[in-house]
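First up is the structure itself, then whatever we jot down about it.
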Amino acid sequence: MNNEKINLIIDKVGVIFCLLTGVSLFLSEKFENNVVIPLLLLTFVVSMFFKKNRKDFFSKIDVKFSIVLVSFVVMSFLIAAFDGGIGSRLDNYNLRYLIFFPLAYFINDDKRIFDFLKSFLCGGTIILILAIFNFIKNYNEWAHPVGFDYPRVTAILTVQDFANIMCIIFLYLLSFLLFYKNDDNKKNKIIKIYLAIMSMLVLFIVVVNRSKMVYICLIPTILYIMYKKRKRYMLMAILMCFAGYFMLPVSISNRIQYIVKYKNDPSSNLRVIFWKTGVEAFKQKPLYGWKAEERKQFNLDYYKKTGVSDYVYKYFLTGNKLRIQHYIASHNSYLQYLLDFGILGFIFFILIVMNLLIKLFKMNLYKHNKNAKIIAFEIATKVSFLAWIIQGMTDDNLNDKHLVITLTVLIFFIDYLYRNIKNQKTLDFENEK
């Protein structure tokens with residue numbers, strides 16, 4: 001067997017593992033962690049043994065951005081290693097950012113990118129069906145919350161992971177519903193009907209999940225999608241949100257009020273307490289962050305000092321299965337990362353986000369690509385990245401394996417679209433000549 005055939009096999013295997021990454025994100029954490037991701041990275045490493053593949057890979061990627069991404073991963077391990085040991089920060093998720101590189105190598109054309117998207121839709125559809133079943137089965141409990149205990153809806157994933165990821169799936173569905181167009185009218189109608197049904201089902205399950213931050217992140221992202229379709233649709237969306245609020249069950253509308261009236265809701269008020277505690281902890285160790293055990297003790301001492309200890313224990317630190325993560329959670333991705341790795345670690349995350357935002361601002365496929373599918377993909381990716389950033393304000397997404405993978409996939413999508421624009425600009429320039 002010659003090198004060309006071996007290369008072809010490796011390429012096909014790499015694509016298969018990429019597709020499995022999309023499906024397994026929703027269905028099996030152990031399969032994803034122990035099989036899919038390790039084998040995807042291994043397949044990529046093996047493919048890089050061939051000089052032709054290395055040359056092809058480095059010709060496509062943004063080398064400067066890649067260096068920043070790798071530095072972001074390495075820095076967290078260096079900080080932990082020199083201050084308490086690798087396990088001192090309880091963060092073992094950063095290596096997952098490295099799947100950006102096999103994705104960039106194996107998912108290298110429009111057909112593969114949309115097959116990859118379909119793999120996420122497949123996994124998302126399965127847990128959507130399971131979540132709807134769970135909602136129906138537990139409806140009485142959901143509809144009659146006791147006190148501040150608001151039962152939420154999920155399947156397989158934790159309730160917040162489920163809400164955050166299904167929100168992103170909804171944004172992709174809505175964008176394709178509004179912007180995608182198939183040349184075959186019959187196929188176009190079938191696809192639009194499917195997208196409309198899926199959009200309504202996903203939006204329904206997101207609303208009944210009762211995640212306050214998902215409600216917040218959906219407002220600007222939906223408005224942006226409407227703006228890109230037609231500016232007057234923004235007003236229609238605002239009116240629908242306003243009218244929809246009064247049509248919601250009281251158990252949902254009351255919870256939405258707690259976004260503003262945060263002191264009346266332990267879930268919201270606890271976050272304010274955690275943020276204040278986190279800010280005080282950061283002031284003491286801003287450069288390279290805290291070891292987990294030390295921060296646990298700092299938090300407990302600070303709760304006593306500020307007179308909120310009984311409140312935190314009553315509404316949060318309850319039960320017999322508490323782990324150290326419960327004691328040090330700040331419920332803000334960016335504050336949490338600053339506390340874990342300090343300014344030295346966080347600066348690389350800022351550089352990554354700045355690079356991505358610059359690419360997003362430069363991205364306008366209306367001018368460079370008339371493919372409706374690509375345009376829908378671009379708009380969906382923009383708003384999904386914004387949604388992820390907003391979601392991180394009240395959750396520890398940078399310490400969450402599912403949402404780290406979701407962010408890595410969004411990073412890859414942005415990079416792919418930006419390369420698409422650059423290639424299209426080059427082609428337009430050559431045609432003009």
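The shown structure was predicted, so the numbers you read here are calculated from the model rather than taken from an experiment.
Aromatic rings of Phe72 and Tyr337 (six-membered ring for Trp) have centroids within the 6.0 Å cut-off, being under it. Taking the six-membered ring for Trp and the full ring otherwise, the centers of Phe413 and Phe377 sit less than 6.0 Å from each other. Between Phe274 and Phe316, the ring centre distance stays below 6.0 Å.
Figure legend: cation-pi geometry between Lys192 and Tyr180 absent, as NZ or CZ is not positioned both under 6.0 Å from the six-membered ring centre and within 45° of its axis. Relative to the ring axis of Phe114, Lys373 places its NZ or CZ within 45° and under 6.0 Å from the centre. In this structure, Lys359 satisfies the cation-pi test against Phe65, with its NZ or CZ atom closer than 6.0 Å to the six-membered ring centre and inside 45 degrees of the ring normal. Judged by a 6.0 Å distance limit and a 45° cone about the ring axis, Lys296 is positioned over the six-membered ring of Tyr327.
Between Leu171 and Val383, the closest heavy-atom pair is CD1-O, 3.8 Å. Contact detail for Leu339 and Ser330: the closest heavy-atom pair is CD1-CB, 4.3 Å. Between Ala131 and Phe162, the closest heavy-atom pair is CB-CZ, 3.4 Å. For the pair Phe348 and Ser71, the tightest heavy-atom approach, listed with the atom from each and the gap, is CE2-CB, 3.5 Å.
Checking Glu32 against Thr21 by side-chain atom types alone, no donor-acceptor pair falls below 3.5 Å. For the residue pair Tyr416/Asp110, the side-chain donor-acceptor check at 3.5 Å is satisfied. Judged purely by distance below 3.5 Å, without hydrogens or angles, the side chains of Arg271 and Asn332 never pair a donor atom with an acceptor atom. Asp301 and Gln297 form a side-chain donor-acceptor contact under 3.5 Å, judged by distance and modelled atom types alone. Looking at Asn164 and Gln160, their side chains do bring a donor and an acceptor atom within 3.5 Å of each other. No side-chain N or O of Asp11 forms a donor-acceptor pair with one of Asn53 less than 3.5 Å apart. In summary, the side chains of Ser267 and Tyr315 do not present any donor paired with an acceptor at a separation below 3.5 Å, with no hydrogens or angles considered.
Contact of the Tyr302 side chain with the Glu280 side chain is registered, since non-hydrogen atoms from C-beta on lie closer than 4.5 Å. Val214 places none of its side-chain heavy atoms less than 4.5 Å from the side chain of Asn209. With contacts defined as side-chain heavy-atom distances shorter than 4.5 Å, the pair Cys18/Leu103 qualifies. Between Tyr97 and Leu407 the shortest side-chain heavy-atom distance falls below 4.5 Å. Two residues are said to be in side-chain contact when any heavy atoms from C-beta on lie closer than 4.5 Å; Leu218 and Cys167 meet this criterion. Side-chain contact between Tyr105 and Asp56 is present, with at least one heavy-atom pair separated by less than 4.5 Å. Two residues are said to be in side-chain contact when any heavy atoms from C-beta on lie closer than 4.5 Å; Lys228 and Ser175 fail this criterion. Side-chain contact check for Tyr313 versus Leu300: some heavy-atom pair is nearer than 4.5 Å.
Looking at Tyr334, its side chain does come within 3.5 Å of a backbone N or O of Ile389 through a donor-acceptor pair. Of the possible donor and acceptor atoms, one in the side chain of Thr221 sits under 3.5 Å from a partner among the backbone N and O of Cys217. For the pair Trp142 (side chain) and Phe135 (backbone), a donor-acceptor distance under 3.5 Å is absent.
Within a 6.0 Å sphere centred on CE of Met240, heavy atoms belonging to other residues, nucleotides or ligands number 12 at most. Heavy atoms of other residues, nucleotides or ligands lying less than 6.0 angstrom from NZ of Lys291 number more than 12. Atom NZ of Lys60 has more than 12 neighbouring heavy atoms from other residues, nucleotides or ligands inside a 6.0 Å radius. Heavy atoms of other residues, nucleotides or ligands lying less than 6.0 angstrom from CG of Asp310 number 12 at most. Within 6.0 Å of CG in Leu317 there are more than 12 heavy atoms belonging to other residues, nucleotides or ligands.
Relative ring orientation between Phe44 and Phe57 is described as perpendicular, the plane-to-plane angle rising above 60° on a 0-90° scale split at 30° and 60°.
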message = Pair Met226, Leu178 - check side-chain contact (heavy atoms from CB on, under 4.5 Å), show working.
response = CA-CA 9 Å; Met226 294 301 177; Leu178 294 178; 4.0 Å; yes
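Just one residue in the list Asp83, Asn399, Asp340 forms a side chain to side chain donor-acceptor pair (under 3.5 Å) with Arg89, and that residue is Asp83. Screening Leu130, Ile127, Ile156, Leu128 for a side-chain contact (heavy atoms from CB on, under 4.5 Å) with Phe26, the sole residue that qualifies is Ile127.
Considering CZ of Phe346 and CG of Leu335, their distance stands at 9.0 Å, rounded to 0.5 Å.
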